[in-house]
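Letters go in sequence order (proteins before strands), and every chain restarts at 1.
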Amino acid sequence: MGTKHTETALEHEHATHHDHAHDHDEHHETFVSKYIFSMDHKMISRQFLITAIIMACVAMTMSMIFRFQLAWPGEKFAFVHAILGDKWAKDGILDPNMYLALVTIHGTLMVFMVLTGGLSGTFANLLIPYQIGARDMASGFLNMLSYWFFFVSSSIMLASCFIEDGPASGGWTIYPPLSALPEAMPGSKLGMTMWLISMALFIISSLLGGLNYIITVINLRTKGMKMTRMPLTCWAFLITAILGVLSFPVLFSCALLLIFDRSFGTSFYLSDIYIGGRPLDNVGGSPILFEHLFWFLGHPEVYIVLLPALGITSEVISTMSRKPIFGYRAMIGSMLAIGFLSFIVWGHHMYMTGMNPFLGSVFVFTTLLIAIPSAVKAFNYITTLWKGNIQFTPAMMFSIGLVSSFISGGVTGIILADSALDINVHDTYFVVAHFHIVMGLSAIFGMFAGVYHWFPKMFLRMMNKKLGFLHFWITFISAYGVFFPQHYLGLAGVPRRYYTNSNFPMFDNLVDINEICTIFAIIGGIGQLVFLFNFFYSIFRGEKAPQNPWNSNTLEWTTPVANIHGNWPGKLPVVHRWAYDYSKPGQEHDFVPQTVPLAEGEHDGGEH
Amino acid sequence: MKLLVLLAILLLIIAGHQLLRIIELSRGLKKTKDWELTNSDNNAMGKLMLTFMILFLLAFFWQTHRWIDRSLPGSASEHGLKIDWLWDVNMNYIVVPVFLVTNFILFFFAYKYRGNTNRKATFFPHSNTLEMIWTIVPAIALAFIIIFGLKYWNEIMADAEDPNKLTIELYAKQFDWTARYGGKDGKLGTTDFKQIGGTNQVGLDTNDVLGHDDITVKNEFHIPVGREIELLMRSRDVIHSAYLPHFRAQMNCVPGLITAFKFKPIKTTEDMRKDPYVIHMMAAINKQREKFGKDPVIFDYLLLCNKICGENHYNMQMNIVVESEKDYNAWMAKEQAKKTGKAAVASK
Ligand code: HEM
Ligand SMILES: [Cu+2]
Ligand SMILES: [Cu+2]
């Protein structure tokens with residue numbers, strides 16, 4: 001105990017020392033240093049958010065184009081022609097190669113740019129220093145680099161859509177040899193090279209960000225902010241960052257070997273191939289090696305996407321139910337368990353690859369284990385609502401939406417994890433439904449929840465609640481409307497990544513299901529305009545935010561309503577209790593901020 | 001025309017702007033802020049949560065009712081029956097009940113405990129008993145799933161050891177399939193991808209005599225009912241996946257590797273065409289085809305490609321005919337005659 005105290009005292013001293021430095025800084029701040037090459041965590045967070053929103057709009061437009069194709073294959077659409085031109089959509093009919101390209105870039109942008117870079121980048125940056133009571137990230141400079149690598153990476157990914165042969169189109173999982181051989185498809189020419197460069201830069205960005213988050217959480221907590229008092233958001237960002245730091249380097253090597261195979265004639269992933277009218281020299285490599293390396297990142301990646309969203313909703317659900325989060329320690333424990341287990345389940349993506357079936361058995365076991373902590377989290381959320389006093393802010397509604405989609409998508413994971421059952425649905429629309437609901441929807445809902453909840457801290461103004469309600473209901477209903485019916489397509493055996501299902505008579509009576517999906521996609525897409533309007537309008541014209549609009553306990557709401565360097569004008573706040581004393585008996589208000597000292601004989605909630 | 005569109009957009013923007021001005025001006029008059037929740041907001045949203053839950057669960061039943069008979073027909077292979085059984089048990093006793101009950105509780109709580117300024121929430125930070133329950137109950141359910149799942153998985157993936165088995169190679173390339181049979185000796189010849197070319201499209205190693213009598217077919221291949229079929233898979237260029245949904249069979253075809261999947265068909269193509277479920281399904285399909293102006297079809301087993309492999313991934317298919325041993329032998333004899341016929345022509 002003793003050592004801990006001196007540690008935090010030291011940090012405190014260190015931080016106040018920082019304080020003086022900042023006073024000097026403020027005099028020479030230019031437009032460039034404030035808005036562009038900013039090292040302030042709040043500005044970087046906003047940069048991440050805006051970039052992610054743009055990426056999400058692009059990715060969503062792409063999905064709209066291929067959803068039209070799936071519902072009405074072979075029909076002509078003027079808007080498709082207007083976007084893609086003669087080359088990729090002659091007369092408004094989508095080209096099959098472009099279809100694959102759109103699916104690929106849609107997936108890549110959503111998974112990496114929006115839900116990894118965007119989600120962690122925005123909220124880890126905003127909330128870690130705010131909620132642990134730090135002046136800024138451990139390294140503002142690395143943090144700035146992290147954003148700019150992300151920006152360049154996103155730009156390259158976008159730019160690849162405008163080149164002659166089109167962007168990468170082997171699916172977001174870019175399995176070689178398809179992605180390795182330019183003869184295999186046009187997207188495996190320059191487009192794939194750009195994809196790999198973009199991804200390499202993205203990984204650098206993610207590592208810089210991740211290391212920073214870890215170091216900041218470990219070292220810069222303010223006095224009294226023990227790990228067991230830390231809000232679950234910060235726990236989630238910490239575990240996410242650890243997952244990222246451990247798994248992204250593996251993706252980097254995975255991509256590097258692919259670059260070697262593509263450009264320097266090595267044979268890591270290639271063997272016995274005859275393509276373009278000639279046998280290739282490559283022998284001895286194995287595409288299965290790629291799949292192992294890819295999914296060693298790939299599975300942790302899905303939790304990298306999900307955990308921040310779960311962290312955000314933990315905070316929002318507790319605050320808006322006016323109740324402590326149920327089972328705080330169990331929540332931390334299950335996140336740690338999920339984090340650990342997520343490294344030993346990757347093989348469940350590979351049951352049908354020709355991998356040794358015994359290895360498959362091991363992954364069945366580990367994968368089903370991970371369902372246990374996931375279930376604990378879901379039940380704890382539900383119990384937090386029980387006997388609450390639920391305040392339906394848009395953020396709260398999205399959080400409830402997340403719990404619903406997390407459950408609805410998670411239960412089908414139990415089926416997929418069972419290798420014997422996976423045989424017949426692997427790579428079908430059943431999987432598409434599973435991962436969109438459990439990962440896509442949950443993470444996006446978490447992101448929306450975060451935006452609505454912390455908008456007052458980011459932009460010092462409030463978003464309109466009525467537009468928020470409207471946005472939630474459109475989004476929630478249409479999201480389920482798009483993805484739930486896809487389970488039934490999977491049961492009928494429809495494979496993923498088919499340009500059209502009309503070449504198989506056995507799929508002919510599924511057109512109405514595809515139409516329903518597309519119609520909901522259109523409604524959902526239009527619904528996002530409500531959000532965009534509310535977001536940008538509120539940035540400039542929203543009502544001025546009060547200091548603590550949601551009567552919340554965490555430290556960010558003790559900062560003044562202003563974006564100042566160092567976050568707190570005077571001394572750093574000192575923490576006396578956990579973050580979840582909502583509706584605590586014997587208290588005057590239904591919330592007790594973390595800065596309020598414990599009364600005589602009062603127990604701190606975090607330790608029981 | 002374009003000008004008109006532009007003008008319309010401009011007008012819309014101006015109208016929108018004016019509307020916003022009015023809203024902003026009226027904001028000053030109202031007492032409540034446009035972000036602060038009122039009791040009536042909470043009340044309305046809570047009730048909407050309940051409404052949503054009811055509609056959502058109804059939609060689930062509606063979809064299942066309407067679409068479940070578009071699912072694949074019952075398994076046409078022996079091991080597939082076990083998969084179907086396990087699937088049903090999992091779905092009906094675990095997945096669907098958990099989905100229904102938890103979603104019900106979630107939205108019901110959201111409705112029941114909707115906020116009100118007169119209420120106070122109950123301080124209930126944790127309970128070891130409850131947390132134990134929802135760690136242990138899922139663990140037990142999962143144990144069941146794991147035990148059965150692994151038992152079947154090991155049976156399904158075991159090597160084909162039936163002495164009477166029929167081994168067929170499925171050879172995938174962009175963008176079609178070739179099936180290869182062992183010919184008279186029943187043994188497949190070895191292969192060498194460097195020898196691909198001319199008539200040797202599957203890359204037979206011409207030095208291996210076992211391969212000289214091999215039979216290759218495209219578009220359609222036949223298998224006898226009731227006999228264990230061992231599929232060996234190869235790929236020429238990129239990864240493909242041989243997906244035989246009616247037989248609950250799937251395996252990737254990986255360049256540089258030979259992968260395998262075994263199954264025993266239990267229903268001939270004719271049996272399937274007479275199956276009431278299939279008849280019903282085909283009727284629905286043909287009704288839809290009529291609307292498209294396409295010809296009616298009859299049921300056929302299919303092999304599909306189920307791993308993204310390029311431009312025509314969506315159209316990489318092959319028919320499978322399951323028939324009696326006798327019919328199969330007759331078909332095989334015909335294919336063999338074709339081959340000797342061709343060879344005779346070539347040697348002339
Ligand atoms: C909790 C959050 C989860 C996320 C974010 C998630 C995400 C994903 C994603 C993205 C994929 C598809 C990847 C692709 O092929 O492109 C996937 C597939 C899969 N998921 Fe999940 N999943 C989650 C939960 C679960 C759970 C709880 C289980 C099992 C108990 C599970 C089992 C599986 C399996 C076995 C597959 C592979 C299916 C196949 O390809 O045939 N997932 N998941
Ligand atoms: Cu996974
Ligand atoms: Cu293929």
Asks: Classify the angle between the aromatic ring planes of A:Phe476 and B:Phe107 as parallel (below 30°), tilted (30 to 60°) or perpendicular (above 60°).
Replies: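 Answer is tilted, since the angle falls between 30° and 60°.
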Asks: Could you look at A:Phe484 and say if it's the side chain, the backbone, both or neither that has a heavy atom under 4.5 Å from chain B?
Replies: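 For A:Phe484, the contact with chain B is made by backbone and side chain together.
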Asks: I'd like to know which of B:Val95, B:Ile308, B:Leu142, B:Asn312 tops the heavy-atom pair count under 4.5 Å against chain A.
Replies: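 Highest number of heavy-atom pairs under 4.5 Å: B:Ile308.
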Asks: Where does the angle between the aromatic ring planes of B:Phe263 and B:Phe247 fall among parallel (under 30°), tilted (30 to 60°) and perpendicular (over 60°)?
Replies: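 It falls in the tilted class, 30° to 60°.
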Asks: Under 4.5 Å heavy-atom distance to chain B, tell me which part of A:Ser404 shows up: side chain, backbone, both or neither.
Replies: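 Its backbone and side chain both get close to chain B.
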Asks: For B:Arg66, is it the side chain, the backbone, both or neither that has a heavy atom under 4.5 Å from a heavy atom of chain A?
Replies: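 Only the side chain of B:Arg66 comes within 4.5 Å of chain A.
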Asks: Pick whichever of A:Pro279, A:Gly187, A:Pro96, A:Ser361 has the most heavy-atom pairs under 4.5 Å with chain B.
Replies: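 Result: the option with the highest number of such pairs is A:Ser361.
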Asks: By a 4.5 Å heavy-atom criterion (distance strictly below it), what part of B:Lys291 contacts chain A: side chain, backbone, both, or neither?
Replies: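 Contact with chain A involves no heavy atom of B:Lys291 at all.
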Asks: Just so I understand: if I count every heavy-atom pair under 4.5 Å between each of A:Phe504, A:Phe358, A:Trp550 and chain B, which residue has the most?
Replies: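 The answer is A:Phe504.
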Asks: Could you look at A:Glu291 and say if it's the side chain, the backbone, both or neither that has a heavy atom under 4.5 Å from chain B?
Replies: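 It is the side chain, since no backbone atom gets that close.
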Asks: Please check if the side chain of B:Asn252 supplies one atom and the backbone of B:Val254 the other of a donor-acceptor pair under 3.5 Å.
Replies: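 Between the backbone of B:Val254 and the side chain of B:Asn252 there is no qualifying donor-acceptor contact (under 3.5 Å).
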Asks: Please classify the contact of B:Glu311 with chain A as side chain, backbone, both or neither, using a heavy-atom distance under 4.5 Å.
Replies: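 Its backbone and side chain both get close to chain A.
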Asks: Report the option among A:Ala184, A:Ala330, A:Gly171 that has the most heavy-atom pairs separated by less than 4.5 Å from atoms of chain B.
Replies: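 The option with the most such pairs is A:Ala184.
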Asks: Looking at every non-hydrogen atom in both residues, tell me the closest pair between A:Ser321 and A:Met396 and how far apart they are.
Replies: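 Closest pair (atom of A:Ser321, atom of A:Met396, distance): OG-CE, 3.5 Å.
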Asks: Could you have a look at A:Phe507, A:Trp386, A:Tyr499 and say which one has the most heavy-atom pairs with chain B under 4.5 angstrom?
Replies: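 Top count of heavy-atom pairs under 4.5 Å with chain B: A:Trp386.
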Asks: Check each atom of B:His246 against the heavy atoms of chain A and say whether the ones under 4.5 Å are side chain, backbone, both or neither.
Replies: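 The answer is the side chain of B:His246.
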Asks: Out of A:Ala378, A:Pro495, A:Ala375, A:Ser419, which one racks up the most heavy-atom pairs below 4.5 Å with chain B?
Replies: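 Max contact count across the listed options: A:Ser419.
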